[in-house]
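Note that ligands are numbered from 1 as they come in the structure, with each ligand's atoms numbered from 1 the same way. Quantities reported herein were computed from a predicted structural model and do not represent experimental measurements.
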Amino acid sequence: MKPFTYERAESPAAAARAAARPGARFIAGGTNLLDLMKLRIETPRHLIDVNRLGLDRIEPTEDGGLRIGALVRNTDLAADRRVRRDYAVLSRALLAGASGQLRNKATTAGNLLQRTRCPYFYTTTMPCNKREPGSGCSAIDGFSRGLAILGTGAACIATHPSDMAVAMRVLDARVDTVAADGTRRSIPVADLHRLPGDTPHIETVLAPGELILSVTLPPPAGGTHLYRKVRDRASYAFALVSVAAVFGTDGTARFAFGGLAPKPWRAEAADAVAAQGPQAVAETVLAGATTTRHTAFKTDLTRRTLAAVYADAGRG
Ligand SMILES: Cc1cc2nc3c(=O)[nH]c(=O)nc-3n(C[C@H](O)[C@H](O)[C@H](O)COP(=O)(O)OP(=O)(O)OC[C@H]3O[C@@H](n4cnc5c(N)ncnc54)[C@H](O)[C@@H]3O)c2cc1C
Ligand code: SF4
């Protein structure tokens with residue numbers, strides 16, 4: 001690990017100001033950032049600990065939604081009575097992620113901003129455009145079993161690994177931030193993550209040093225909430241394919257997908273054919289999929305996962 005300096009910020013404004021320092025990075029639970037630092041994939045010169053900013057509350061919003069502080073731990077969010085009752089897809093997605101021990105440390109903001117699990121991103125002896133821009137992508141002709149088939153480009157086919165973000169996407173959450181100059185903004189989670197294009201190392205629309213304060217959920221939509229994750233083993237494994245679904249009482253449904261794309265993936269056109277059943281949804285979502293010899297199985301797996309979700313919802 002490279003030497004770095006450390007400070008504990010006492011307010012969001014102080015944290016955002018400190019982030020203007022060259023090489024500064026926020027640290028929350030540290031469950032992703034510290035691993036990346038040990039491997040020298042990330043080499044911040046200054047760490048700003050955001051754990052004491054008072055952003056660890058879950059509060060109702062005026063319009064009947066829920067504001068989730070950036071520092072709320074994944075365990076606490078999954079267990080929250082209002083989340084379990086009104087946003088069960090979020091609770092289920094969180095509980096499908098990582099392990100109990102990790103969820104006790106992992107935070108809402110850190111989870112959204114965790115980095116890919118592409119094996120070559122972590123293998124510093126191999127080319128990787130995301131880790132070292134312009135060096136090439138080892139995965140496209142290499143071992144790509146866990147990687148993306150939608151929204152990819154010639155430079156990178158990595159997936160976004162978060163389960164929680166997939167549920168946030170189906171719920172149309174918004175991310176509330178403050179920049180180093182004090183400017184606040186609210187970003188739809190749909191727009192938070194970027195597709196790789198020619199710059200896979202730029203993963204979000206956040207400016208350097210922009211601090212996530214909270215994530216806001218709209219008022220509950222009701223319906224049946226499901227999260228189904230298919231992975232290589234029952235715990236401690238990232239999604240090969242995951243589906244977050246909200247089935248309305250009026251026959252409508254909304255879907256978001258994990259394990260398939262560089263960002264939590266939603267195809268609104270798929271919602272429009274929900275009444276036609278899982279195969280119609282799958283064909284709509286998979287239109288334009290680009291597979292490798294290792295990821296070709298993901299198309300069938302998506303079809304089967306959707307069929308299982310429909311069966312779970314009593315629509316099979
Ligand atoms: C073995 C293992 C298995 C896992 N399995 C899963 C899984 O199945 N599903 C899943 O979804 N996840 C999984 N994870 C990932 C885990 O959920 C993430 O590591 C965790 O959510 C990151 O949160 P954190 O608070 O620890 O982030 P940190 O490591 O502290 O930070 C991550 C990033 O977020 C930035 N950041 C943190 N807080 C803020 C803020 N308020 N504003 C702006 N930037 C901020 C940091 O600078 C850093 O870039 C796994 C992790 C491990 C180690
Ligand atoms: S898929 Fe992306 S993260 Fe993986 S090796 Fe290629 S450029 Fe790197």
Side-chain angles (χ1 to χ4, degrees), residues 9 12 15-16 19 24-37 41-42 44 47-51 53 55 69-74 77 93-99 101-123 126-144 146-148 152-167 175-179 192 196 199-201 203-204 206-215 229 231 233 235-239 242 258-259 262 264 292:
R25 291 294 299 278
F26 301 121
I27 184 160
T31 61
N32 190 214
L33 184 57
L34 286 177
D35 283 350
L36 293 166
M37 287 171 66
I41 295 166
E42 299 227 16
L47 282 188
I48 305 157
D49 184 336
V50 293
N51 282 285
L53 301 185
L55 300 175
L71 272 295
V72 172
R73 307 286 156 181
N74 288 179
L77 185 56
L94 283 158
L95 293 174
S99 64
Q101 196 181 23
L102 282 158
R103 292 193 297 267
N104 288 344
K105 286 298 284 180
T107 63
T108 304
N111 191 306
L112 282 174
L113 299 182
Q114 63 175 293
R115 305 201 68 191
T116 187
R117 292 285 160 170
C118 171
Y120 300 104
F121 180 67
Y122 289 82
T123 309
M126 301 286 285
C128 168
N129 285 325
K130 191 183 276 297
R131 177 169 31 77
E132 202 181 324
S135 63
C137 172
S138 299
I140 289 173
D141 293 321
F143 181 71
S144 54
L147 302 188
T152 55
C156 180
I157 59 168
T159 48
H160 191 272
S162 168
D163 291 294
M164 183 197 78
V166 180
V175 178
D176 314 303
T177 69
V178 59
L192 177 67
T199 53
H201 59 293
E203 294 171 350
T204 72
L206 297 182
E210 191 168 356
L211 176 73
I212 296 181
L213 298 170
S214 57
V215 175
K229 174 177 178 179
R231 48 190 155 173
R233 52 173 192 255
S235 138
Y236 235 50
F238 293 88
S242 70
T292 65

Counting both backbone and side chain atoms, is some N or O of Arg25 under 3.5 Å from an N or O of ligand 1?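 Yes, at least one N or O pair falls under 3.5 Å.
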What I want to know is whether Asp35 and ligand 1 share at least one N or O pair that is separated by under 3.5 angstrom.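 N/O-N/O distance below 3.5 Å does not exist for this pair.
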Taking 4.0 Å as the limit for heavy-atom contacts, which would you say applies to [X] with ligand 1: side chain only, backbone only, both, or neither?
{"X": "Arg103", "answer": "neither"}
{"X": "Glu203", "answer": "neither"}
{"X": "Lys229", "answer": "side chain"}
{"X": "Ser99", "answer": "neither"}

Would you call Arg231 a ligand 1 contact, heavy-atom distance under 4.0 Å?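 Outside the 4.0 Å threshold, so no.
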Please confirm whether Arg115 comes under 4.0 Å of ligand 1, counting heavy atoms of the residue only.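 It does not; every heavy atom stays at 4.0 Å or beyond.
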Looking only at protein heavy atoms, identify the closest one to [atom] and say how far it is in Å.
{"atom": "atom 5 (S) of ligand 2", "value": "Tyr120 CB, 3.5 Å"}
{"atom": "atom 2 (Fe) of ligand 2", "value": "Cys156 SG, 2.4 Å"}
{"atom": "atom 46 (C) of ligand 1", "value": "Phe26 O, 3.1 Å"}
{"atom": "atom 15 (C) of ligand 1", "value": "Gln114 OE1, 3.2 Å"}
{"atom": "atom 8 (Fe) of ligand 2", "value": "Cys128 SG, 2.3 Å"}
{"atom": "atom 18 (C) of ligand 1", "value": "Thr31 OG1, 3.4 Å"}
{"atom": "atom 40 (C) of ligand 1", "value": "Ala109 CB, 3.6 Å"}
{"atom": "atom 25 (O) of ligand 1", "value": "Thr107 OG1, 2.6 Å"}
{"atom": "atom 52 (C) of ligand 1", "value": "Leu102 CD1, 3.5 Å"}
{"atom": "atom 9 (N) of ligand 1", "value": "Asp163 OD2, 2.7 Å"}
{"atom": "atom 1 (S) of ligand 2", "value": "Ile157 N, 3.3 Å"}
{"atom": "atom 34 (O) of ligand 1", "value": "Leu113 CB, 3.4 Å"}

Where ligand 2 meets [X] - atom numbers and elements under 4.0 angstrom, heavy-atom basis:
{"X": "Ala155", "value": "7 (S)"}
{"X": "Ser138", "value": "5 (S)"}
{"X": "Ala158", "value": "1 (S), 2 (Fe), 3 (S)"}

As a check for students: among [options], identify the option with a heavy atom nearest to [atom].
{"atom": "atom 30 (O) of ligand 1", "options": "Gly30, Ala24, Gly110", "value": "Gly30"}
{"atom": "atom 5 (N) of ligand 1", "options": "Gly29, Ala28, Ala98", "value": "Ala98"}
{"atom": "atom 41 (N) of ligand 1", "options": "Ile212, Asn111, Leu53", "value": "Ile212"}

Atoms of ligand 1, numbered as shown, that sit under 4.0 Å from any heavy atom of [X]:
{"X": "Ser162", "result": "11 (O)"}
{"X": "Gly97", "result": "7 (C), 8 (O), 9 (N)"}
{"X": "Tyr236", "result": "1 (C)"}
{"X": "Ala106", "result": "20 (C), 21 (O), 23 (O), 25 (O), 26 (O)"}
{"X": "Leu33", "result": "29 (O)"}
{"X": "Leu211", "result": "40 (C), 41 (N), 42 (N)"}
{"X": "Glu210", "result": "43 (C)"}
{"X": "Ala237", "result": "8 (O)"}

Does Cys118 put an N, O or S atom under 2.8 Å from atom 8 (Fe) of ligand 2?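 Of the N, O and S atoms in Cys118, none lies under 2.8 Å from atom 8 (Fe) of ligand 2, which means no.
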Taking atom types as modelled and ignoring hydrogens, do the side chains of Asn111 and Gln114 form a donor-acceptor contact shorter than 3.5 angstrom?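 Side-chain D/A pair, Asn111 to Gln114: present.
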Taking atom types as modelled and ignoring hydrogens, do the side chains of Ser99 and Ser235 form a donor-acceptor contact shorter than 3.5 angstrom?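 Looking only at side-chain atoms, Ser235 and Ser99 do not form any donor-acceptor pair under 3.5 Å.
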With rounding to the nearest 0.5 angstrom, report the [atom1] to [atom2] distance, [X] to [Y].
{"X": "Arg103", "Y": "Asn74", "atom1": "CZ", "atom2": "CG", "value": "8.0 Å"}
{"X": "Asn129", "Y": "Cys156", "atom1": "CG", "atom2": "SG", "value": "7.0 Å"}
{"X": "Leu95", "Y": "Met164", "atom1": "CG", "atom2": "CE", "value": "13.0 Å"}
{"X": "Arg117", "Y": "His160", "atom1": "CZ", "atom2": "NE2", "value": "11.0 Å"}
{"X": "Phe238", "Y": "Asp163", "atom1": "CZ", "atom2": "CG", "value": "8.5 Å"}
{"X": "Met126", "Y": "Cys118", "atom1": "CE", "atom2": "SG", "value": "9.5 Å"}

Which residue is it: Leu113, Asp49, Val50, Ile212? I am looking for the one with a side chain to side chain contact (heavy atoms under 4.5 Å, CB included) to Phe26.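 Between Phe26 and the candidates, side chain to side chain contact (heavy atoms under 4.5 Å, CB included) is satisfied uniquely by Val50.
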Counting backbone and side-chain atoms alike, does Cys137 have an N/O/S atom under 2.8 Å from atom 6 (Fe) of ligand 2?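 Coordinating: yes.
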Please examine the side chains of Asn104 and Arg73, heavy atoms only from C-beta on, and report whether any two atoms are closer than 4.5 Å.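 The answer is no; the side chains never approach within 4.5 Å.
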Using a 3.5 Å distance criterion without hydrogens, assess whether the side chain of Arg131 forms a donor-acceptor pair with backbone atoms of Thr123.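 Yes, the answer is positive, given that a donor and an acceptor are paired below the 3.5 Å cut-off.
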